[in-house]
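In this text the structure is predicted, and so the values were computed from the model without any measurement.
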Amino acid sequence: MKVLDGETLSPPPLWLMRQAGRYLPEYRATRAKAGSFLDLCYSPEFATEVTLQPIRRYGFDAAILFSDILVIPDALKRDVRFTEGHGPQMTPIDADGIHALKPDGVISHLAPVFETVRNLRRELPEKTTLLGFCGAPWTVATYMIAGHGTPDQAPARLFAYRHREAFEYLLAFLAEVSADYLVEQIDAGADAVQIFDSWAGVLGEAEFEAFAIAPVRRIIQSVKARRPQAKIIAFAKGAGYQLKSYRQKTGADAIGLDWSVPLAFATELQKDGPVQGNLDPMRVVAGGKALEDGIDAILQALGNGPLIFNLGHGITPQADPEHVTALVARVRGRQGSSA
Ligand code: CP3
């Protein structure tokens, strides 16, 4: 929270995107007990447990609520399913479906998530920041339009060219619902929130302004109008040079950086405020010198300004939990060797 206020801390605080997940045996055990992935997201007991697991094991400085960005389309009755080996699936939406969307019942459908946040604030150490989150409208829309994940978001890009008005309506609608969702998380005890725009990198220049910046600005303005103290991290993965004005245009307090962002550019971005990132998750899989060199380069380039140490995207299932132990030790200055 100090870094989000613009302070420089040495060592920097750290957490990892997807820190609760399949690389941890204790996660896989709870996941097996919970039933489906959505059952896990909507069980306050199990969701609290898996959020706490990486905090117990590694003592990260922040816990991120265990849920998924796709609980919003689920609450909008898009028939969201997570089937083993297929990733998320749902009923693809068309222009008529978009205009028929209703915000009624969304917040009450998500009540178990807010209960998880309340449990967590009670059970977490006081010094551990609790992060809430939502997906950015563009990223959530890509799944709603295609009905599943795609490598390049071609279905949503095409839909936006063909049905511009309906598409903008969808993004504005998702921005409103997401702002309400974040306000509820903050009221339940989240200290700060992150907006995940995982697919921002496939947008052209004009579309980045309209589909990535405008809806995220709308969420941030709406949340801050109601909760002026709220701190918001915005992560636009793959945004590259567009990050130059992203903080200023969206009003985010901190910006997340993926591993493709050059550290010299990251240093520039850090002059305007806190940055978060940006270790390649594959360095955590590799371990050893690849891990150590990646950490050292980030600390050297960004350690003298406001930095929240993180990966450049989520940790992957094949990461060795021992490599994460080494990462934490090294960021905290206890020269951990991951060999
Ligand atoms: O970071 C955390 O530890 C908090 C929990 C979290 C999850 N998903 C848990 C999860 C967060 C913040 C997310 C965000 C999310 N979900 C994003 C944005 C960030 C990103 O990674 O790009 C996106 C695009 C999604 C949609 C989604 N959910 C995908 C593409 C998948 C993978 C499907 C698969 O089978 O691998 C999920 C499932 C998911 N969400 C898992 C976890 C731990 C794995 C599912 C399982 O346990 O079976």
Side-chain angles (χ1 to χ4, degrees), residues 15-57 60 62-93 101-124 130-135 139-144 146-149 174 177-178 180-182 184-185 187-190 193-196 198 314-319 321:
W15 68 282
L16 305 184
M17 289 189 275
R18 291 273 178 98
Q19 63 193 17
R22 283 172 294 190
Y23 74 107
L24 288 180
E26 57 268 38
Y27 170 85
R28 295 196 298 270
T30 309
R31 171 85 170 75
K33 274 193 275 175
S36 77
F37 177 71
L38 280 176
D39 289 337
L40 175 56
C41 292
Y42 294 134
S43 156
E45 185 197 340
F46 289 136
T48 301
E49 167 59 21
V50 294
T51 305
L52 294 172
Q53 285 167 350
I55 306 302
R56 288 192 203 112
R57 196 191 257 258
F60 291 125
I64 182 159
L65 160 70
F66 189 85
S67 180
D68 197 84
I69 64 167
L70 299 178
V71 296
I72 292 283
D74 183 57
L76 292 167
K77 307 192 176 72
R78 302 310 303 165
D79 189 24
V80 175
R81 291 146 285 149
F82 287 84
T83 30
E84 206 61 50
H86 289 279
Q89 290 175 289
M90 66 192 79
T91 309
I93 199 163
L101 288 170
K102 295 271 179 298
D104 319 298
V106 167
I107 293 300
S108 58
H109 180 87
L110 298 169
V113 177
F114 312 131
E115 192 179 330
T116 304
V117 174
R118 283 191 293 274
N119 287 345
L120 285 167
R121 196 53 287 175
R122 209 170 43 239
E123 295 194 25
L124 278 168
L130 175 56
L131 297 171
F133 71 91
C134 70
T139 288
V140 173
T142 65
Y143 290 94
M144 291 180 75
H148 52 82
L174 290 172
V177 170
S178 304
D180 292 348
Y181 180 45
L182 292 181
E184 294 285 336
Q185 293 180 33
D187 290 351
V193 293
Q194 174 158 321
I195 302 172
F196 287 88
S198 306
I315 189 166
T316 58
Q318 66 275 38

> What heavy-atom pair brings Ile315 and Leu16 nearest, and what distance separates the two atoms?
Replying inline: CD1-CD1, 4.2 Å
>> Do Leu38 and Leu70 have side chains that approach each other closer than 4.5 Å (heavy atoms only, starting at C-beta)?
In response: no
> Who are the side chain to side chain contact (heavy atoms under 4.5 Å, CB included) partners of Ala20, not counting sequence neighbours?
Replying inline: Pro54, Phe66
> Measuring from Lys77:NZ to Thr91:OG1, what's the distance to the nearest 0.5 Å?
Replying inline: 13.0 Å
> Sequence neighbours excluded, which residues qualify as side chain to side chain contact (heavy atoms under 4.5 Å, CB included) partners of Asp39?
Replying inline: Ser36
>> How long is the straight-line distance from CD of Gln53 back to OG1 of Thr48, given to the nearest 0.5 Å?
In response: 11.0 Å
>> Show the nearest heavy-atom pair for residues Ala47 and Cys41, with the distance to one decimal.
In response: CB-O, 4.1 Å
>> Rounded to the nearest 0.5 Å, what separates atom CG in Leu76 from atom CG in Leu101?
In response: 5.5 Å
>> In the structure I gave you, are the side-chain heavy atoms of Glu123 and Glu49 within less than 4.5 Å of one another anywhere?
In response: no
> Any side-chain heavy atom of Tyr27 sitting closer than 4.5 Å to one from Leu40?
Replying inline: yes
>> How close do Gly135 and Ser178 get, counting heavy atoms only, and between which atoms?
In response: O-OG, 4.2 Å
>> Measuring from atom NE2 of His148 to atom OG1 of Thr83, what distance do you get when rounded to the nearest 0.5 angstrom?
In response: 11.5 Å
>> Restricting to ring pair (Phe, Tyr, Trp, His ring centres under 6.0 Å), what partner residues turn up for Tyr181, sequence neighbours left out?
In response: Phe114
>> Holding to side-chain hydrogen bond (donor to acceptor under 3.5 Å, both in side chains), I want the full list of residues that pass it with Ser67, two or more places apart in sequence or in another chain.
In response: none
> Nearest heavy-atom pair of Ala319 and Tyr23: which atoms, and what distance?
Replying inline: O-CB, 3.4 Å
> Do Glu26 and Arg57 meet the salt-bridge criterion of a basic N to acidic O distance under 4.0 Å?
Replying inline: yes
>> Nearest 0.5 Å, please: how far is CD in Gln318 from CZ in Arg22?
In response: 9.5 Å
> Just wondering, do Tyr143 and Arg78 contact through their side chains at under 4.5 Å, heavy atoms?
Replying inline: no
> Which heavy atom of Ile55 sits nearest a heavy atom of Ala62, and at what distance?
Replying inline: CD1-O, 3.5 Å
> Counting N and O atoms only, with roles assigned by atom type, does the side chain of Ser43 sit under 3.5 Å from a partner on the main chain of Phe46, one being a donor and the other an acceptor?
Replying inline: yes
> Can you name the nearest heavy-atom pair linking Trp15 to Leu131, along with the distance?
Replying inline: CE2-CD1, 3.4 Å
For residues 102-113, tabulate all N or O donor-acceptor pairs below 3.5 Å that involve a side-chain atom, not counting sequence neighbours.
residue : atom : partner : partner atom : Å
Ser108  : OG   : Gly105  : O            : 3.1
His109  : NE2  : Tyr42   : OH           : 3.1
His109  : NE2  : Asp74   : OD2          : 2.9

>> My understanding is that only residues two or more places apart in sequence, or in another chain, count here; which of them pass salt bridge (Lys or Arg N to Asp or Glu O under 4.0 Å) with Arg28?
In response: none
>> How long is the straight-line distance from CG of Leu52 back to OG1 of Thr30, given to the nearest 0.5 Å?
In response: 10.5 Å
